[in-house]
2 protein chains.
Amino acid sequence: MSNYNRNNIPRVKHWYDERVTNVFDDPRITAVGLLFEAHAGLSARFNAQLEEHGLSAVEFEVITRLARSPGNQLRMTDLAAQTSLSTSGVTRVVDRMERDGLLTRRACPNDRRSSYAVVTASGMQRLNETLPGHLQMIEQWFTGQLDPEALAALLDGLRRVRDAAHPCATAGSDDVSPEQVAATDNATRRH
Amino acid sequence: MSNYNRNNIPRVKHWYDERVTNVFDDPRITAVGLLFEAHAGLSARFNAQLEEHGLSAVEFEVITRLARSPGNQLRMTDLAAQTSLSTSGVTRVVDRMERDGLLTRRACPNDRRSSYAVVTASGMQRLNETLPGHLQMIEQWFTGQLDPEALAALLDGLRRVRDAAHPCATAGSDDVSPEQVAATDNATRRH
DNA sequence: GCCCAACGACTGCTTGAGCAACTATAACCG
DNA sequence: CGGTTATAGTTGCTCAAGCAGTCGTTGGGC
């Protein structure tokens, strides 16, 4: 370590003004803050709308992921891998949603250890009631805030960050090969 | 195909390919997924590094926000407004951090209802140990993933989404007038 | 000065999520 | 086959966080 970088803060790049008033007001922190606050803000908006339909964010994610899977079903483990939940978390969400009639468990014919979570007719109906409003919220607070080029740039940047940082979230899906999943999964999934 | 949009999903716009394979694979959902997965991925990376220094994400946010406030202190309520926590949540985080010697409570001289949370010397030291690695993580997984223009575009887009959707989070800070805070706060803060 | 509404912080209770331990099944291997 | 190991899911325990209710304090109206 030479002496052009006396403080032990990593060397800054040149995409921001170096004259910072306070060490803790680092532009990198601000950048992260921007992403996190955007996320928090959207979450809050979405939660409010989802709650009107009696769904929490995780329940909505679960039912959506099931609904777009073949047969409207997914094995518990695959569901856990696709969501931000642990397997025990999935057990409990499915418990609640089964109690509420949105989902059912179905035994897996080939493997008696596995069971599928399946969306019921009532669950599909709930989703159909919820989704239009949800898409509207997305347009209102997210995609509609930017013109097409800016949005494309934003999504492009997000995709790159996601690809770099995200510890995999598409197990059991058809658009990702299982080997690819197995390779990256479980390494950094949970802190 | 005359009846290709018989479901009640709102009509899609034109910044993406309209030929979707599945109603639930709407590009708007994908866009949100991108943002949320980027957030989740970064969170996981950051948490891992913070945990090495014995800090949770909220604790790090708390101590950072205190450290960049005048006097390394903030009233409990203002701290709550700046973080994603409720006031009772702040009470408990500060409890834990006080127990761990990172923070102290200090009575407010003018208002005996209020109390300040103050960073201790030990807390500042912990922060100084943690911060360099944290900034390095940000560069590694976020800002360093993109060239300057792409990053600027990303941040610009995020800023606009944040400004639209975020229900205020800078109370008690000097860069925002208190009236401005009071006006937007509490309206949509918590679901 | 007195009263009452507003405010700041704290506490009891509940909920949701993760980890670790456990059970049942499957796969592998000799 | 019989035994060992790995996998799928569930359950007990713990912990963090929010809501609602409480207590002390403040400040405005009279």
Side-chain angles (χ1 to χ4, degrees), chain A residues 40 43-44 47-48 50-51 54-62 73-100 103-118 171-172 178 181-182 185-186 188-191, chain B residues 40 43-44 47-48 50-51 55-62 73-100 103-118 171-172 178 181-182 185-186 189-191:
Chain A
S43 287
N47 284 342
L50 293 175
E51 202 180 18
L55 291 175
S56 72
V58 289
E59 287 166 350
F60 179 72
E61 195 190 353
V62 161
Q73 60 181 357
L74 226 40
R75 294 184 327 143
M76 301 291 278
T77 308
D78 296 331
L79 188 53
Q82 286 197 17
T83 58
S84 53
L85 292 172
S86 65
T87 64
S88 76
V90 164
T91 295
R92 267 133 190 169
V93 183
V94 173
D95 281 349
R96 294 195 293 272
M97 296 178 75
E98 190 168 30
R99 170 173 52 74
D100 297 347
L103 263 50
T104 328
R105 270 171 242 248
R106 177 180 299 163
C108 175
N110 349 341
D111 188 343
R112 287 165 60 180
R113 292 171 303 179
S114 303
S115 59
Y116 287 103
V118 199
V181 168
D185 199 10
N186 288 329
T188 50
R189 279 203 61 224
R190 215 150 311 284
H191 69 275
Chain B
S43 285
N47 284 341
L50 293 176
E51 201 180 19
L55 291 174
S56 72
V58 287
E59 287 165 351
F60 179 73
E61 196 191 353
V62 162
Q73 62 181 355
L74 227 39
R75 294 185 325 142
M76 302 292 279
T77 308
D78 296 331
L79 188 52
Q82 285 197 19
T83 57
S84 51
L85 292 171
S86 65
T87 64
S88 77
V90 165
T91 295
R92 265 131 189 171
V93 183
V94 173
D95 280 349
R96 295 194 293 273
M97 296 178 76
E98 190 167 30
R99 170 173 52 73
D100 297 347
L103 263 48
T104 329
R105 270 172 243 248
R106 177 181 301 163
C108 176
N110 344 342
D111 189 341
R112 287 164 62 182
R113 292 170 302 180
S114 302
S115 59
Y116 286 103
V118 198
V181 168
D185 198 10
N186 288 329
R189 278 202 61 226
R190 217 151 310 285
H191 68 275

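What you see is a predicted model; the values in this text were computed from it and never measured.
Listed pair A/Arg113 / C/dT23 fails the phosphate criterion, with no side-chain N or O lying under 4.0 Å from OP1 or OP2. Phosphate proximity of C/dG16 to A/Arg92: absent, as no side-chain N or O sits under 4.0 Å from OP1 or OP2. A close approach under 4.0 Å does not occur between any side-chain nitrogen or oxygen of B/Arg112 and OP1 or OP2 of D/dG24.
Nearest to the side-chain atoms of B/Leu85 among the listed nucleotides C/dA17, D/dA17, D/dT26 stands D/dA17. Looking at the side chain of B/Ser114, the nearest of the listed nucleotides C/dC10, C/dG8, C/dA17 is C/dG8. Taking every side-chain heavy atom of B/Asp111 into account, D/dT26 is the closest of C/dA26, D/dT26, C/dC10. Comparing D/dA8, C/dA20, D/dC19 against the side chain of A/Ser88 picks out C/dA20 as the nearest. Proximity note for A/Arg105 (side chain, C-beta onward) versus D/dT10, D/dA17, D/dT26: the nearest is D/dT10.
In terms of modelled atom types and a separation under 3.5 Å, the side chain of A/Glu61 and the main chain of A/Thr83 share no donor-acceptor contact. When atom types are taken as modelled, the side chain of A/Glu59 and the backbone of A/Ser56 share a donor-acceptor pair closer than 3.5 angstrom. A donor-acceptor distance shorter than 3.5 angstrom exists from the side chain of B/Asn47 to the backbone of B/Ser43, with no hydrogens or angles considered.
The distance from atom CZ of A/Arg106 to atom C1' of D/dA8 is 18 Å, rounded to the nearest whole Å. Distance CG (A/Asn47) to P (D/dA17): 16 Å, rounded to an integer number of Å. One interatomic measurement links the two molecules: CD of B/Glu61 to C1' of D/dA17, which rounds to 14 Å at whole-angstrom precision. Distance, B/Met76 CE to C/dC7 P: 18 Å, rounded to whole Å. Spacing between atom CZ of B/Arg96 and atom P of C/dC10 amounts to 13 Å, rounded to whole angstrom units. Whole-Å rounding puts the B/Leu74 CG to C/dG8 C1' distance at 14 Å. In this structure, A/Asp95 places its CG atom 15 Å from C1' of C/dG18, rounding to the nearest Å. Atom P of nucleotide C/dC10 and atom CZ of B/Arg75 are separated by 12 Å, given to the nearest angstrom.
Using a 3.5 Å distance cut-off with no hydrogens or angles, the side chains of A/Arg75 and A/Ser114 do pair a donor with an acceptor.
With DNA chain C read from its 5' end, the first of the two nearest nucleotides for A/Asn110 and A/Val90 is the one closest to A/Val90.
At a threshold of 4.5 Å between non-hydrogen side-chain atoms, the residues A/Met76 and A/Thr87 do not count as touching.
Nucleic acid contact for B/Ser115: sugar-phosphate only, since backbone atoms but no base atoms lie under 4.0 Å from a heavy atom of the residue.
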